[in-house]
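Here the structure is laid out as structure tokens; the discussion comes afterwards.
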Amino acid sequence: MLTLENVHTHYGPIEALKGVSLNVQQGEIVTLIGANGAGKSTLLMTVCGDPRASAGTITWKGNDITKEETSKIMRTGLAVVPEGRRVFSAMTVEENLSMGGFFNKTTYDQRMAHVLELFPRLEERFKQRAGTMSGGEQQMLAIGRALMSEPELLILDEPSLGLAPLIINQIFDIIHKLRDEGMTIFLVEQNANQALRLADRGYVIENGKIVLEDTGANLLVNEDVRKAYLGG
Amino acid sequence: MQSRFTSALFAALLTLLLGSLLLGVTMVSEGIDLVLELSEPHKIYGLIIGAALVFIIQYFKQEVGAVTTRLRGDGSFEMPAFIRTPKQQRLWGFMAVGALLIFPFVSSRGAVDIATLTLIYVMLGLGLNIVVGLAGLLDLGYVGFYAVGAYSYALLNFYFGLSFWVALPIAGLLAALFGFILGFPVLRLRGDYLAIVTLGFGEIIRILLNNWTDLTGGPNGIARIPKPDLFGLEFNRRASEGGQTFHEFFGIPYSSEYKVIFLYLLAFALVLLTLYVINRLIRMPIGRAWEALREDEIACRALGLNPTVIKLTAFTIGASFAGFAGSFFAARQGFISPESFTFIESAIILAIVVLGGMGSQLGIILAAMAMTILPEMAREFDEYRMLLFGLMMVLMMIWRPQGLLPMKRPHLELKRD
Ligand SMILES: Nc1ncnc2c1ncn2[C@@H]1O[C@H](COP(=O)(O)OP(=O)(O)O)[C@@H](O)[C@H]1O
Ligand SMILES: [Mg+2]
């Protein structure tokens, strides 16, 4: 469904991705784990065309999107929940969600109903300003907003960042539920333990390079992974 | 205590020193020589009082600070109790419209004239607010589009004899077109860079108008631009060829006041139309997109919105309102020249938007009134007008940095218990 082949990304002179290859198949949860600054966010955003890959090819649903505009890519069934949530804080929950469904008005009501069913909390806070909500609620809103575009592939960048364990569990439950509905998910996490337990497959990124690739279950018991990311 | 006294004394002495060089002495020519003389006593006294004031304010800085903090508030603004519900607001809105409709018939000609000028600035402020307040793009060349609108009507009338009513939409479209063409290459720029480039645009348009003498008459401008008519009825003493005048049609004696009142009502109608259109736009997806863009450009891109396109619509639509305002301005003045479209106009319009509290329409209306009516009332201090203007801005920055009436979005904030 999504394939990256030998992708390089530069920030000026800095090479943040040094030839990354990976793929995500339909219906899978694939996770990418790695330390701070390893290039996880860069990889995700390169898929979205922002920043643009400087070499290599990115294929999405059979089309080469390496040189496509971000705004076009994001309207082809791909949705991203960026790192740090980035909700529109002066807008209400409802308005935030409506921004997510900006380009597809035909099934708007259905999707809104679906998102509110997934996140009853958002329905309670429907008219509240996003900026006044808690971190967990904002993360739910960010995911809900991304779902409003009815994506086939949902990309999540560290959804558990800065949240309390209880809330993290809720977020992971939702991801599980989405997968059961048939959504394909590409999940970036530092919280490797939970991410690998949930994922079908996982990749480990170090210094802009993929160093390991295996099933989630295998990575969980891998000696190197345990040492580096699971605390022994 | 010691340092408080010395710093206050230092500030006062500095004021005295700078002030006495600027105001305390005058240059008088004696023959071919220039000699310095002490100014008249009242200026000297003024200086001393000024320095004393500085000393007192500096000395009691903490106490003054406490007062200003209280005045500043927490940034949110509550409407008084009697205009809180939408129903009450609508009622007050209707009453305000009614009062403004009656106003020209019960006021002096001069007052109506100033009110018309205020309405032009309201229109300009509302238009620029789309660009600066809603989309968050700092545009320092807005006056350029105002000039395009004014010259559109003046030139279309001069060369093709088009009437105001035909030229008005064309002027809006032309200004929008200029906004589009100029905006396209630069809207990728951010913040400061965008501000500088737009500043350049405003100047380029003015310089072009100044130098393209064959077309625009250059610095001499264009004179005898006809006033708008009312369904073909003119407001002149004598009708033009094949025309008919207002007073003849109604069989009433001629009075130049009709024209003034008509212009006021026309400007008022244009402002109402502007308000209506902008309020519709804000509620449409494009209005949301402007707001979203101002808040978080990265999030917008992640959602598939194209920031350049969104900025361009704001720039273009904003410019079109300057175009309407410009053609009305040309019609009202009857004479335009590049002089009317200098950078200071951009600055005043921007000041109205900022003073009004970025994004708030009621705030902009109040600020436009303040910016046009106060200087008129302070005519005697003509040479100090810009000084007053600066003083006002500084005071605003201290007391209400968020503007007179910061934009208030409809939302529900749950009270903490
Ligand atoms: N906008 C940027 N400009 C320059 N360097 C960047 C930028 N964003 C990220 N980087 C660098 O790229 C590398 C990868 O960063 P990132 O993808 O954010 O890592 P992660 O998400 O894994 O923590 C880091 O060395 C970081 O400093
Ligand atoms: Mg990251």
Side-chain angles (χ1 to χ4, degrees), chain A residues 41 44-45 47-51 68-105 108 124-133 138 141-142 145-151 155-157, chain B residues 74-78 85-86 129 132-136 184 187-188 190 281-314 357-360 402-403 405-417:
Chain A
S41 300
L44 289 194
M45 295 317 287
V47 170
C48 303
D50 174 32
E68 196 61 87
E69 289 250 345
T70 304
S71 56
K72 295 229 179 75
I73 295 173
M74 302 317 294
R75 289 184 230 170
T76 55
L78 210 123
V80 61
V81 179
E83 189 171 352
R85 315 188 253 281
R86 292 188 172 274
V87 295
F88 302 116
S89 51
M91 292 190 181
T92 64
V93 169
E94 178 184 17
E95 288 165 338
N96 266 279
L97 292 175
S98 79
M99 290 308 299
F102 200 79
F103 293 104
N104 188 348
K105 300 284 178 215
Y108 184 87
E124 287 166 30
R125 301 289 158 89
F126 206 47
K127 298 280 178 203
Q128 189 177 333
R129 266 203 300 186
T132 63
M133 300 202 305
Q138 288 189 17
L141 178 58
R145 187 177 65 180
L147 291 175
M148 285 300 290
S149 67
E150 209 166 23
I155 302 178
L156 297 155
D157 195 349
Chain B
D74 60 353
S76 69
F77 176 83
E78 279 290 331
T85 67
N129 184 42
V132 181
L134 297 178
F184 200 73
L187 286 175
R188 278 162 220 278
R190 273 159 213 274
L281 281 171
I282 292 176
R283 279 172 182 72
M284 275 161 53
I286 185 66
R288 287 267 170 77
W290 289 336
E291 212 184 322
L293 189 71
R294 192 191 52 201
E295 274 207 45
D296 195 327
E297 189 168 331
I298 293 176
C300 281
R301 250 180 300 165
L303 294 173
L305 277 72
N306 186 335
T308 313
V309 171
I310 297 171
K311 287 179 190 173
L312 201 55
T313 54
M358 306 279 261
S360 131
Q402 73 275 40
L405 288 180
M407 181 162 81
K408 192 169 150 92
R409 310 196 70 265
H411 67 269
L412 215 156
E413 236 152 302
L414 301 180
K415 292 256 182 297
R416 271 173 229 280
D417 40 22

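Worth knowing before you read on, the calculation uses all heavy atoms, side chains too, and leaves out hydrogens, waters and symmetry mates.
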**Study point:** Glu69(A) portion near chain B, given a 4.5 angstrom heavy-atom threshold
**Key:** side chain

Revision key, fill the gap. Taken to the nearest 0.5 Å, the spacing of Leu293(B) CG from Leu134(B) CG works out to 11.5 Å

Point to revise | Pairs of heavy atoms under 4.5 Å with chain A: top-ranked of Ala292(B), Cys300(B), Pro307(B), Ala299(B) | key: Ala292(B)

Exercise for review: Find the distance between CG (Asp50(A)) and CD1 (Ile298(B)) and round it off to the nearest 0.5 Å.
Suggested key: 7.5 Å

Practice item. Hey, could you give me the CG/CG distance between Leu141(A) and Leu97(A), rounded to the nearest 0.5 Å? Key: 5.5 Å

Point to revise | Contact listing (chain B partner; residues 76-85 of chain A; heavy atom under 4.5 Å) | key: Val80(A), Pro82(A)

**Study point:** Heavy-atom pair with the smallest gap, counting every atom of Ser98(A) and Tyr108(A)
**Key:** CB-OH, 3.0 Å

Check your understanding: In this structure, which one of Met74(A), Glu68(A), Arg75(A) forms a side-chain contact (heavy atoms from CB on, under 4.5 Å) with Lys72(A)?
Key -> Glu68(A)

Review point. Among Ala146(A), Ser89(A), Ser149(A), which residue forms the greatest number of heavy-atom pairs with chain B at distances under 4.5 Å?
Key: Ser89(A)

**Study point:** Separation between CZ of Arg125(A) and CG of Asn96(A), rounded to the nearest 0.5 Å
**Key:** 14.5 Å

**Study point:** Arg145(A) to Phe88(A), cation-pi by 6.0 Å centre distance and 45° axis angle
**Key:** yes

